[in-house]
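Below, each value reflects all heavy atoms present in this structure, side chains not excepted, and no hydrogens, waters or symmetry copies. Along the sequence shown, residues are numbered consecutively beginning with 1.
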Amino acid sequence: MKKEEIKELSIPELRAQIEASEKAYRELKVAHAISPIDNPAKITKDRREIARMKTVLRQKEIEAQKAEKANPSNV
């Protein structure tokens, strides 16, 4: 997934994507521990992609907090 594609996702979509990617990453690590996988560089690539998604998620959360402080609702 490219950086631009990650930035287009909403916060709930990002959380779901991170959860799915982390699950696949854990399964890949276990599979590699049992028997070597064809492309071990995929482990590093997946780990970095998860980190990118978490970074974008955190940026969006901070933006949402700033927007909420700037425009408090009267609830």
Drop me the distance from Ile50's CD1 to Gln17's CD, to the nearest 0.5 angstrom.
9.5 Å

Kindly compute the distance separating CD1 (Ile11) from CG (Leu57), expressed to the nearest 0.5 Å.
6.5 Å

Looking at every heavy atom in both Ile6 and Met53, which two are closest together, and how far apart are they?
CD1-CG, 3.8 Å

Just jot down the side-chain hydrogen bond (donor to acceptor under 3.5 Å, both in side chains) partners of [X], sequence neighbours excluded, or say none.
X     : answer
Lys54 : Glu22
Arg15 : Glu61
Glu13 : Ser10

Between the main-chain N or O of Lys7 and the side-chain N or O of Lys60, is there a donor-acceptor pair closer than 3.5 Å?
yes

Passing option when Val56 is tested against Leu9, Ile18, Leu14 for side chain to side chain contact (heavy atoms under 4.5 Å, CB included)
Leu14

Non-hydrogen side-chain atoms of Ile43 and Ile37 separated by less than 4.5 Å:
yes

Which pairs pass side-chain hydrogen bond (donor to acceptor under 3.5 Å, both in side chains) with one or both residues in residues 40-53, sequence neighbours excluded?
Lys42-Asp46

According to side chain to side chain contact (heavy atoms under 4.5 Å, CB included), who are the partners of Glu63, at least two apart in sequence or on a separate chain?
none

Hits for side chain to side chain contact (heavy atoms under 4.5 Å, CB included) against Lys2, two or more places apart or cross-chain, chain-then-number order -> Glu4, Glu5

